[in-house]
Protein chains: 2
Amino acid sequence: MKIGIDIMGGDFAPEEAIKGVLAYLASHSDSGIGVHFVLIGSPDIAAPYLSLLDGYQSHFTLVPAATVIDMHEHPTKALKEKQDSSIAIGFGLLQMGKIDAFFSAGNTGAMLVGAMYTVKAIPGVLRPTIASPIPKLDGKFNFLLDVGANADCKPEHLVQFAVMGSLYAKHVLKLENPRVGLLNLGEEEGKGNILAQTTYPLLKQHSGINFKGNVEGRDLFLDNCDVIVCEGFTGNIALKVAESIYNIFTDSRKIQDEFLDQFNYEIYGGTPILGVNAPVLIGHGISNARAFKSSIESAINLVESNFTNILKESFAENSSGAA
Amino acid sequence: MKIGIDIMGGDFAPEEAIKGVLAYLASHSDSGIGVHFVLIGSPDIAAPYLSLLDGYQSHFTLVPAATVIDMHEHPTKALKEKQDSSIAIGFGLLQMGKIDAFFSAGNTGAMLVGAMYTVKAIPGVLRPTIASPIPKLDGKFNFLLDVGANADCKPEHLVQFAVMGSLYAKHVLKLENPRVGLLNLGEEEGKGNILAQTTYPLLKQHSGINFKGNVEGRDLFLDNCDVIVCEGFTGNIALKVAESIYNIFTDSRKIQDEFLDQFNYEIYGGTPILGVNAPVLIGHGISNARAFKSSIESAINLVESNFTNILKESFAENSSGAA
């Protein structure tokens, strides 16, 4: 398996990216490493850190990329103009099948646009989506989607998010018969904005998912379902509120708590773009070595579970997917 | 000043409602009590608790109400059919000017519908709104609106929320030149769903508010603005995520923290319906005596600040309001 990593992406690249790769390699015996890393970035900038990987020479290849798409560049414009950037080259490798998954902690928009225009949406998938785990009090996670790729959605998009989220929960997270909740402002059927009101009956009648009804903001951290669907505007805000809890209580309030530790994004690292023809994962801009290592594990998991093919088959059988 | 209280509303009514009134009265010297309470509810059910107010007979009147609108009844239907309910009678008193403000911890929908159909929206106000304080790390509060009254909004609604929220922050919360933020999934202008993208320039060009641009989910607890506007779907979910933090970390995780204590709704009690022709406040269904006392204080504050007239004048001068 070949995992492509944009070592120029993120605030602490390339140092933390390379240290993340090292952390992954160091945690496995030489024969236990079933992955070859394709590190994409500037050889000059990476040089001081690449020596950290001495001893693991056979486990990685450096693919040179002359430029980087900065965090605040316009995604479409940057991808078009910077074809020698680490993200553009990464997608090129993925499209040609030279890597099996691609991860970057760089410009999220560029990763989304790159995924849409190179590996492209799986036939039948209307809107690829970004999902994020949200820690639950019982130690497990809710899988929230969409968290920002699709700010305006139609009911049929949310139905597909439910299907893709269910398939991910089942095949990648290994949850049996994952429960789907519709994020809403009230529990009862009929509550909500027009989108939620219209989506509810579609989810209810969908035979391919285990729909449990509406869930509210207060259910985000509870074990009332496994997959929570919403449009990306609300999902992004709910996610960022949840993420800020960790910073506020850990950093500002100096609270130590096991549940709070689960909010640390470093432990789950990258989040997948679901619905495109190859495994693509996006990381936090502030990713450190631990987050890179977690993201590598997520990428391997995604490839090993054969998730892309599972999605393809599901949407080939049925235009609304079958979880 | 006469404050009307639905003593039948809420999970712990009438006991906690009456104990809340008692707590308010007991915290003031007899001559310092500038308010007369109009308690609305069933004399029979309230009887065992009314004796708690012995010694304060001159400070309250009981107005009998034969029925109660339950928490899960359909608001419009219930208000129509139960004209002898504590909520219906409360709105009748408010409409006739027999009370200066009305508070209930009962059926939120019925309170909203009652406010809209009896005291009605202030001329020029397109959509009355519910706002909620959100604690900030610096000990102050962000004022978030709408939090659920208006699940689907147009840009002009959000502009009015910004105006009403600014006026409330200025005149009731006594903040000078309150800063307005638009809740969004990114900081830059142009980010967001169609609603946020369209609302941004309207807020930017509005001379009556101090617009500071977009704020994200992670800004909810920070001091980057004072008033945060959004449609009621996202606002409700953000609020409930925030509220659940208190329950999760205090009750389930047994964490003691001063900032966390600020999330306890009991300290700020009821939340006003902004934009109707008289002060109306809604409380949490789980309101206890402390929450009732806080709500009484909020109601008094709202009446004393003459907020309803300030709103009326603002919207009379200018159809989009002038903060």
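Just so we're on the same page: letters track the sequence lines, and every chain starts at 1.
For chain B, the nearby part of E188(A) is the side chain; its heavy atoms alone come within less than 4.5 Å. Contact annotation for I194(A): both backbone and side-chain heavy atoms come within less than 4.5 Å of a heavy atom of chain B. Looking at N150(B), there are no atoms closer than 4.5 Å to chain A (heavy atoms on both sides), in backbone or side chain. Neither the backbone nor the side chain of E243(B) comes within contact range of chain A, judged by heavy atoms closer than 4.5 Å.
One finds the CD atom of E231(A) at 5.5 Å from the OG1 atom of T234(B) (value rounded to the nearest 0.5 Å). To the nearest 0.5 Å, the span separating CD1 on I248(B) from NZ on K136(A) amounts to 12.0 Å. Between the SG atom in C230(A) and the CZ atom in F233(B) there is a gap of 7.5 Å [rounded to 0.5 Å].
Counting heavy-atom pairs closer than 4.5 Å to chain A, the top-ranked of the candidates L239(B), N247(B), N236(B), D152(B) is D152(B). In terms of heavy-atom pairs under 4.5 angstrom with chain A, the leader among L195(B), D257(B), L183(B) is D257(B). Top candidate by heavy-atom pairs under 4.5 Å with chain A, chosen from L185(B), D219(B), I245(B), is L185(B).
The two residues S244(A) and G217(B) come nearest to each other via the heavy atoms OG-O, 4.4 Å.
For the pair R253(A) and L137(B), the minimum side-chain heavy-atom distance is below 4.5 Å.
The 12-atom threshold is exceeded at NZ of K240(A), counting heavy atoms of other residues, nucleotides or ligands nearer than 6.0 Å.
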